[in-house]
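Read through the structure below, which is laid out as structure tokens, and then see the notes.
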Amino acid sequence: MKEEILINIRSCFSVRKGKNRLAHRLLLSVVLCSAFFSMLTTGFQLYLEYRRDRAVIQANIHFIRDSYLEPVTISAYMLDEKHTSLQLQGALKLQDIVYLEVIESDEETPWVIEGDPEAGRDILSEFPLIYDNSGDEEEFCFGLLRVVASMDGLYQRLWEKVLIILSSNAVKTFLASFCILLIIQFMVTRHLGSMAEYARQLNLDKLDGHLALDRSSSKFSESDELDQVVSAINDMQLRIRDDIIKFREAEDALRRSHDELELAVERRTRELVETNTKLKEEIEERKRAEAALREKQVQLAHAGRLTSLGEMATGIAHELNQPLFLIRLSAESLKFQLKKAGYPDSQSDGELDSVIKSVDRAANIIDHMRGFARIGPGNQEEISLAEPVENGLTFFRQQFKNHQISLETDYEENLPKVVLDPQRFEQVVVNFLSNARYAVDRRGERESDGYQKKIALRLFYDKEKKGNVFEITDNGIGMTDDEKERCLDPFFTTKEVGEGTGLGMSIAHGIVREFKGKLEIESEKGMGTTMRVII
């Protein structure tokens, strides 16, 4: 038993690297806790000593008041300086009383002094000297007894007690803690080390040994947590051994199957490589065909739309040109007859001028539609961007009024001219204006209360980008980031089914690139969109 205790003590204080780390931490924790509680109990005892000594000082001052004040008063009243001094010397012998003085009422200089005037005046008490003359009815105060107590002696006594109290508390606390540490080491920590050593010596090739702890057992003692851990480790060892046996049998079967499978995979891989090579060639060919097909579909859709528009414009021109010509001819004839009859400035004359202008405007719109839909390479010429922009607006000014859309235009003067096909650029303008009208109409349907449809059109020269800028901004439904990235793809549209082909933006983008321009799109869902062309 003695040898085990000595071994446990040595293991607690062992400093070998990598050994007894738990014991070291326990020892450190015990030392820190012991030091903390030693300091705490020492501080508490010193506080009690401080309060006791301070109470003694107060008691001494009260004792001076009760026992010395009256004799000092009589001696001072009789002007007996020697007797007064003797009484003050007697009071000065009390603990921590360092200075006493008697002061007359009409003077500031002390009359009698005993003690050290330079001593610390931590506690100062003053008592009036009141003489009670039995022959007189009134008492009168003729002086003051001042008593001074210092805390220096108290602090000195406390300091002398600090080491004694701290040492005794530390010894008691450390002894109790060290006994607890030894008990923990003997009952728990050393067995944990045995378990760790057993775990390090385990070998998967040989799992025959069992873990057993070096501890006394009795038939009356029940198994504790350490016994349960040991039992669990031994059970785990048996399960691991059985699993390893099964694993090795399965590994042998798997190896045989792997060899057979490897041959089959090698043969099948050769076949798949050949098939994959052919499939890749077919996929590449199909991708090229699909790309060519999409390009042809875009071209055919564009050509079909323009062809239909051209045929429609031609039919409208054919059906309306003759009635419009007859209306204009009849209006001019009626105007001539009114003038001939002597009514050159009549109200009817002005109305006839309005009819003639409306007929001319309708004819211009028809001719413009025919020119817009004309299929052909077109002619590039040096023009101002304001011309195709205004021509494109011709289709929409009345529509905007009918749809209650506020249109704002801002054209910068003296814009540099550019070389392009005005009819092709007009297609871009028409496409952007059509999309802007759709966007504000759809938001107007959803937000009918207080929403004002607005479309703003700007033309200006950007010095930083060194080009003319055509910009259309609406406060419509806007686009998400995904819609903004895909809006230039062919056949992609955010419009409802039947309201768009998905080719307008793609064609407009192609026209802008054809003119070596740049298209920028800014949009926020629910807030609006800005389309910007820089040429």
Side-chain angles (χ1 to χ4, degrees), residues 291 294-306 309 368 371-396 409-412 415-439 455-474 476 478-479 481 483-495 500-523 528-535:
R294 284 196 297 270
E295 184 178 355
K296 294 298 181 181
Q297 286 176 338
V298 172
Q299 295 175 357
L300 288 174
H302 184 206
R305 186 175 70 87
L306 294 181
L309 185 58
H368 194 69
F372 176 75
R374 185 178 298 114
I375 302 175
N379 298 319
Q380 295 192 2
E381 53 186 274
E382 189 178 45
I383 62 168
S384 172
L385 281 183
E387 296 178 12
V389 171
E390 277 297 317
N391 290 337
L393 275 174
T394 304
F395 296 99
F396 292 93
T409 57
D410 182 12
Y411 298 166
E412 185 178 307
L415 284 174
K417 293 187 176 182
V418 294
V419 178
L420 49 75
D421 183 355
Q423 290 184 355
R424 297 276 283 168
F425 191 79
E426 190 177 325
Q427 287 182 263
V428 178
V429 176
V430 169
N431 181 271
F432 288 176
L433 288 172
S434 176
N435 290 340
R437 181 196 63 194
Y438 175 85
I455 295 177
L457 190 150
R458 294 180 62 206
L459 273 176
F460 61 95
Y461 183 78
D462 192 326
K463 294 181 180 180
E464 294 183 359
K465 299 179 180 179
K466 297 181 181 180
N468 292 325
V469 179
F470 164 63
E471 183 179 273
I472 292 179
T473 302
D474 66 75
M479 294 184 289
D481 292 340
E483 292 172 344
K484 186 171 64 175
E485 292 180 0
R486 299 180 57 197
C487 67
L488 299 180
D489 296 340
F491 306 107
F492 176 80
T493 179
T494 59
K495 297 180 181 179
T501 63
L503 295 173
M505 286 298 297
S506 177
I507 294 172
H509 187 216
I511 294 174
V512 172
R513 287 189 300 177
E514 178 184 331
F515 296 149
K516 293 181 174 56
K518 183 179 180 182
L519 176 60
E520 296 180 352
I521 303 173
E522 297 176 3
S523 185
T529 303
T530 296
M531 308 296 296
R532 187 180 299 111
V533 176
I534 305 168
I535 296 181

query = Is a donor on one side and an acceptor on the other found under 3.5 Å between the side chain of N431 and the backbone of Q427?
reply = no
ask   = Which pair of non-hydrogen atoms, one from F460 and one from E412, has the smallest distance, and what is that distance?
value = CB-OE1, 3.2 Å
R424 vs Q380 side-chain heavy atoms within contact, under 4.5 Å = no
ask   = After noting the C-alpha distance and the side-chain angles of I455 and F396, does the key distance pass the side chain to side chain contact (heavy atoms under 4.5 Å, CB included) rule?
value = CA-CA 11 Å; I455 295 177; F396 292 93; over 6 Å; no
task = Of all the heavy-atom pairs spanning P422 and I383, show the shortest one and how long it is.
result = CB-CD1, 3.7 Å
request  = Heavy atoms only: give me the nearest M479-C487 pair and the separation to one decimal.
outcome  = SD-CB, 4.1 Å
Sub-4.5 Å side-chain heavy-atom contact between V469 and R458 = no
key: N468 side-chain N/O to P416 backbone N/O, donor-acceptor pair under 3.5 Å   = yes
query = So, do L385 and V533 sit near enough that their side-chain heavy atoms are less than 4.5 Å apart?
reply = no
request  = Kindly say whether D474 contributes a backbone atom to a donor-acceptor pair with the side chain of T530 at under 3.5 angstrom?
outcome  = no
ask   = Got N435 and T529 here, is their nearest side-chain heavy-atom distance under 4.5 Å?
value = no
query = Which of these, H509, K484, E485, sits in a side-chain contact (heavy atoms from CB on, under 4.5 Å) with I521?
reply = K484
message = Is there a side-chain contact between M505 and L488 in this structure, where contact means two heavy atoms from C-beta onward sitting under 4.5 Å apart?
response = yes
ask   = L393 versus V429: any side-chain heavy-atom pair under 4.5 Å?
value = no
request  = Side-chain contact test, heavy atoms from C-beta onward, threshold under 4.5 Å: evaluate it for L519 versus F432 and give yes or no.
outcome  = yes
query = Counting heavy atoms not belonging to D481, are there more than 12 under 6.0 Å from its CG?
reply = no
key: Interatomic distance, L459 atom CG to I472 atom CD1 [nearest 0.5 angstrom]   = 9.0 Å
message = Once you measure the plane-to-plane angle for F425 and F470, does it fall in the parallel (<30°), tilted (30-60°) or perpendicular (>60°) bin?
response = perpendicular
message = Distance check, rounded to the nearest 0.5 Å: K465 atom NZ versus E520 atom CD?
response = 3.5 Å
message = Is any side-chain heavy atom of D421 closer than 4.5 Å to one of F515?
response = yes
query = NZ of K518 to CD1 of I535: how many Å apart, nearest 0.5 Å?
reply = 13.5 Å
